[in-house]
There are 2 protein chains.
Amino acid sequence: MSSENSTGRVSARSKRADALRNQQALLAAAAEVFVASGVDAPIRQIAAKAGVGTGTIYRHFPTRADLVTAVFRHQIEECAEAGSVLLAAADSPFIALRQWIDLFVDFLVTKHGLADAMQSDSSGFAALHRYFLDRLLPVCARLLDAAVEAGEIRAGTHPYELMRGIGNLCIGGGDPQYDPRRLVELLLCGLQRHPSE
Amino acid sequence: MSSENSTGRVSARSKRADALRNQQALLAAAAEVFVASGVDAPIRQIAAKAGVGTGTIYRHFPTRADLVTAVFRHQIEECAEAGSVLLAAADSPFIALRQWIDLFVDFLVTKHGLADAMQSDSSGFAALHRYFLDRLLPVCARLLDAAVEAGEIRAGTHPYELMRGIGNLCIGGGDPQYDPRRLVELLLCGLQRHPSE
DNA sequence: GACAAAGCGGAACGATGTTCCGGATAGTAA
DNA sequence: TTACTATCCGGAACATCGTTCCGCTTTGTC
């Protein structure tokens, strides 16, 4: 079914066997290197671990960011799909929102430097950024809307701003003195409707 | 009075006239280039604008971060000093805290990419990061303590975490769809004591 | 088994931060 | 004024990136 290549999706059609093997090897190697050295690890290191030349990487993933996107794609997908599930299962929309944000934060924090790389507009990570937004923004928006409608949080918060803010807060999670989760929690508190005011 | 060089302080003793001239020219050029192209601007560009060679930069500022630190040093100082003034003048410690944070945010947002560069532990901006902390952390801590003591905000917030979080939120301020100030405001709301709970 | 298309490897390119060193220069002493 | 030296300067050179390019290899097919 369909190629839809260059960003890491299925692509099972009309490719040579060795090409497919290399693509898989690259994805596996990249995943390994990313957890070991962060998403800023040199391309050459990934190529070496996969046992291929640097040119081969660019044949499969036109740019560094495309490789990163491909590696994390299914995890992003899982996070997106969790949105509906949580909204249906939780006792209230706000609880669902909080749980979903927990998931989102976990995802960002456990990947070394993913949040760092995604926000800084340099390094051409725009593709990853866009994919993140395309997939997760609607989910976040739906959860926010539901919580607003339930009267649990104040209206007027832009989903994009919230997601970006949370993403930013997750930068530098390696520091033991800095726990992004506490600040995200603070943000959520600020989001809630206050009786006074 | 003392040299105390390599980070941009006074250093008026025992230096050749041309060396001093170049250092001044570099600071001026760097300041200009930073506002034009952000703090990530290439060293060579700054050297060219100052009319010196790249080696000359490293003679005066051992590393890129030292140059950045030197350029912004007096502004950081101003921000630090504003803390006491605001605390003495404002109607309440929380108001002072909010005003001070406004100042802090303004500082970060108006320098293109300053916040970006400072947080990411790569690029060896550790020196800048430390200077920021050394100078501003005590101020933030004092404001926080005062607000806690006045019963305006919840206790238990670590000053370092708060400053770092705010710094993180200021990353990517160039995006018209993302206003760090709104999120910082949300954070402050979350900090306030809630009647319920 | 031959052959074209697809794919591969790694040298090469351009950009970056940083180091190095031969030569210029400022300050000083005669 | 003229030497002389410690200091400083300029930019070539080095290491490390991401990325591109191209001659050679491999694969699938007839």
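All chains are named by letter (A, B, ...) in the order of the sequence lines, taking the proteins before the strands, and each is independently numbered beginning at 1.
- Listed pair Y58(A) / dT20(D) fails the phosphate criterion, with no side-chain N or O lying under 4.0 Å from OP1 or OP2.
- Listed pair H60(B) / dC8(D) fails the phosphate criterion, with no side-chain N or O lying under 4.0 Å from OP1 or OP2.
- For T56(B), the listed nucleotide lying nearest its side chain is dC9(D); candidates were dC14(D), dC13(C), dC9(D).
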(request) Starting at the 5' end of nucleotides 23-30 of chain D, put B wherever the base has a protein heavy atom under 4.0 Å, S where only the sugar-phosphate does, and a dash everywhere else. (result) ---BSS--
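- When each of dT19(D), dC8(D), dG17(C) is scored by its nearest atom to the side-chain atoms of R44(B), the top-ranked nucleotide is dG17(C).
- Here the P atom of nucleotide dT20(D) and the CG atom of D66(A) are 11 Å apart, to the nearest Å.
- Look at CZ on R64(B): it is 14 Å from P on dT19(C), rounded to the nearest Å.
- The distance from the CG atom of L103(B) to the CD atom of Q99(B) is 9.0 Å, given to the nearest 0.5 Å.
- Distances shown here put every side-chain N or O of T63(B) at or beyond 4.0 Å from the OP1 or OP2 atom of dG17(C).
- The nearest heavy atom of DNA chain D to A41(A) and to G55(A) marks one nucleotide each, and the one closer to the 5' end goes with A41(A).
- In this structure, Q177(B) and E161(A) approach most closely via the heavy-atom pair O-OE2, 3.5 Å.
- Taking atom CZ of R59(A) as the reference point, atom P of dC21(D) lies 13 Å away to the nearest angstrom.
- A continuous path of ILVMFWY side-chain contacts below 4.5 Å connects W100(B) to L133(B), so both sit in one hydrophobic cluster.
- One can place CD1 of I57(B) at 10 Å from P of dT18(C), the figure rounded to the nearest angstrom.
- Side-chain atoms of T110(A) come within 3.5 Å of backbone atoms of F107(A) as a donor-acceptor pair (strictly under, hydrogens ignored).
- In this structure, CG of L26(A) is placed 14 Å from P of dG7(C), rounded to the nearest angstrom.
- Closest of all the heavy-atom pairs between A70(B) and L27(B) is CB-CD2, 3.7 Å.
- Of all heavy-atom pairs spanning R154(B) and V148(B), the tightest one is O-CG2, 3.7 Å.
- Atom-to-atom, CG of L67(B) to P of dG17(C) comes out at 11 Å; the value is rounded to the nearest Å.
- Between D175(B) and R164(A) there is a salt bridge, since at least one side-chain N of the basic residue sits less than 4.0 Å from a carboxylate O of the acidic one.
- Rounded to a whole Å, the CD1 atom of I43(A) is 11 Å from the P atom of dT20(D).
- Note on N22(A): every side-chain N or O is 4.0 Å or more away from OP1 and OP2 of dG7(C).
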